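Only one structure is covered here, and it is reproduced in the block below.
What you see below is based on every heavy atom in this structure, not just the backbone, and it leaves out hydrogens, waters and symmetry mates. No experiment lies behind these values; they were computed from the predicted model shown.
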Amino acid sequence: LEWFERCVKICPVLHYSGDPPLGTVAAATDSELVLEEGAYFVYGGDVVDKGPGDIRLCRQLVSLKKRHPDRVFLIVGNRDLNKLRYTAELGEADMGRPIDAIPRVHWDTKATTLREHLQAVAGGGADDAALGALNTRAERLRYMQLHTLGCPDTFEFRRQEIGLLESREPASVTDEEVVENFLFDINDEQGALRQYLCHGSAAAVVGNTLFVHGAVDANTMGIVPQHTRFELPTEKLPAARTGL
């Protein structure tokens, strides 16, 4: 968030109302982003995971988009979309699966499994009963963020932000409160990231320029996946299809 605020400080067409000091709560809650007339603003995605400011930055950007729907574009990045996994993998059904039924991520054959993670947390030598006791929603979320989502600091970043927004010491924010906050953020219509996803898009066209989070080249133009599942399928699926 502070990095974004520094960008705003030097941007000729974007500023905060009231010009609050960098890194303050006012910059994220009381003050709004202001876009100059005639200017366009495109945010390129991956709005979360970079520090203890995800909730506030999402709210700022969505507020700006709502006030200037035709001149503000919020691109959705993989780091934003992959949080949709929380709704399933922290749900009752998935939490009830045996530890060994949670698969290793399919893109890395050497990635840590859930069992390996829990054994590391236990310090080694723990039996299945002890590992089962450790397999809480909070620990499952830590496992996901550390080993499958590439954001090992996000859990503690969120604890810090909750403390800041609620005027509490971060140490007083429990693990379960952190989990519930992440789930609210994506499940509830008022969740900050949910709002960002709802007001965002995979691409934006401004004039003759196409903005995307990744890339469009000769190999991907007009192609969309036939299936999008996180786990490897048990049988071969059809190839991609032409979407345009």
Side-chain angles (χ1 to χ4, degrees), residues 1-18 20 22-23 25-87 145 149-151 153-154 157-158 161-162 164-165 181-217 220-221 224-225 228 243-244:
L1 177 61
E2 290 187 19
W3 183 88
F4 179 78
E5 290 172 357
R6 288 186 173 91
C7 291
V8 173
K9 283 282 188 180
I10 62 174
C11 180
V13 297
L14 194 66
H15 64 272
Y16 283 111
S17 61
L22 290 173
V25 178
T29 56
D30 299 332
S31 297
E32 287 188 321
L33 287 168
V34 177
L35 183 65
E36 297 294 331
E37 286 297 325
Y40 290 83
F41 175 75
V42 181
Y43 191 89
D46 279 5
V47 68
V48 297
D49 296 337
K50 302 300 183 182
D54 293 355
I55 297 171
R56 291 168 290 161
L57 184 53
C58 282
R59 287 175 177 171
Q60 287 183 26
L61 295 172
V62 169
S63 173
L64 187 67
K65 171 68 175 178
K66 288 180 176 179
R67 284 179 281 119
H68 306 288
D70 299 326
R71 296 194 290 123
V72 172
F73 303 91
L74 307 178
I75 305 298
V76 175
N78 56 292
R79 194 157 287 285
D80 313 312
L81 278 172
N82 61 22
K83 302 307 180 292
L84 291 170
R85 288 175 49 195
Y86 295 162
T87 63
Q145 293 176 341
L149 290 170
C151 52
D153 299 319
T154 295
F157 283 154
R158 182 55 57 93
E161 188 166 27
I162 294 172
L164 180 62
L165 291 174
N181 189 275
F182 275 117
L183 290 173
F184 173 86
D185 207 26
I186 199 69
N187 277 327
D188 195 276
E189 291 183 357
Q190 299 305 312
L193 183 55
R194 169 78 171 265
Q195 286 277 307
Y196 183 91
L197 294 175
C198 288
H199 288 86
S201 58
V205 178
V206 180
N208 62 355
T209 302
L210 172 68
F211 294 88
V212 295
H213 180 71
V216 177
D217 58 23
T220 59
M221 178 69 72
V224 296
T228 53
L244 299 175

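Here CD1 of I55 is found 13.0 Å from CD of Q195. Values are rounded to the nearest 0.5 Å. For the atom pair F182 CZ and N187 CG, the distance stands at 13.0 Å (nearest 0.5 Å). Distance check, rounded to the nearest 0.5 Å: NE2 of H199 to CG of L64 gives 11.5 Å. Note that CG of D188 is 12.5 Å distant from CG of L193, once rounded to the nearest 0.5 Å. Atom NZ of K83 is separated from atom CG of L197 by 10.0 Å, given to the nearest 0.5 angstrom. Atom-to-atom distance recorded for D54:CG and E161:CD is 6.0 Å, nearest 0.5 angstrom.
Taking the six-membered ring for Trp and thresholds of 30 and 60 degrees, F73 and Y40 have nearly parallel ring planes, at less than 30 degrees apart.
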CA sep, side-chain torsions, deciding dist, call: R56, L164, side-chain contact (heavy atoms from CB on, under 4.5 Å): CA-CA 11 Å; R56 291 168 290 161; L164 180 62; 3.1 Å; yes

Passes side-chain contact (heavy atoms from CB on, under 4.5 Å), R194 versus F184? Steps please. CA-CA 9 Å; R194 169 78 171 265; F184 173 86; over 6 Å; no

Would Y16 and V8 satisfy side-chain contact (heavy atoms from CB on, under 4.5 Å), going step by step from the backbone distance to the final call? CA-CA 8 Å; Y16 283 111; V8 173; 3.9 Å; yes

Go through the steps for I186 and T87 under the test side-chain contact (heavy atoms from CB on, under 4.5 Å), then give the verdict. CA-CA 8 Å; I186 199 69; T87 63; 3.7 Å; yes

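Among all heavy-atom pairs drawn from A192 and C58, the shortest one is O-CB, 3.6 Å. The two atoms that bring E36 and P12 nearest to each other are CG-O, 4.1 Å, heavy atoms only. Contact between L210 and A203 at its shortest, heavy atoms only, is CD1-CB, 3.9 Å. Among all heavy-atom pairs drawn from C151 and R79, the shortest one is CB-NH1, 3.6 Å.
Judged by distance alone, the side chains of R67 and S63 do bring a donor and an acceptor atom under 3.5 Å apart.
No side-chain heavy atom of V13 sits less than 4.5 Å from a side-chain heavy atom of F41. For the pair F157/V48, no side-chain contact is recorded, criterion being any heavy-atom separation below 4.5 Å from C-beta on. Contact of the F4 side chain with the Q60 side chain is registered, since non-hydrogen atoms from C-beta on lie closer than 4.5 Å.
At distances below 3.5 Å, not a single donor-acceptor pair connects side-chain atoms of D80 with backbone N or O atoms of G45. Here the side chain of Y43 pairs no donor or acceptor atom with the backbone of V76 at under 3.5 angstrom.
Using a 4.0 Å cut-off between charged nitrogen and carboxylate oxygen, D185 and R158 count as a salt-bridge pair.
None of L35, V42, L61 except one satisfies the side-chain contact (heavy atoms from CB on, under 4.5 Å) rule with V72; the exception is L35.
With sequence neighbours excluded, the residues forming a salt bridge (Lys or Arg N to Asp or Glu O under 4.0 Å) with R71 are E37, listed by chain and number.
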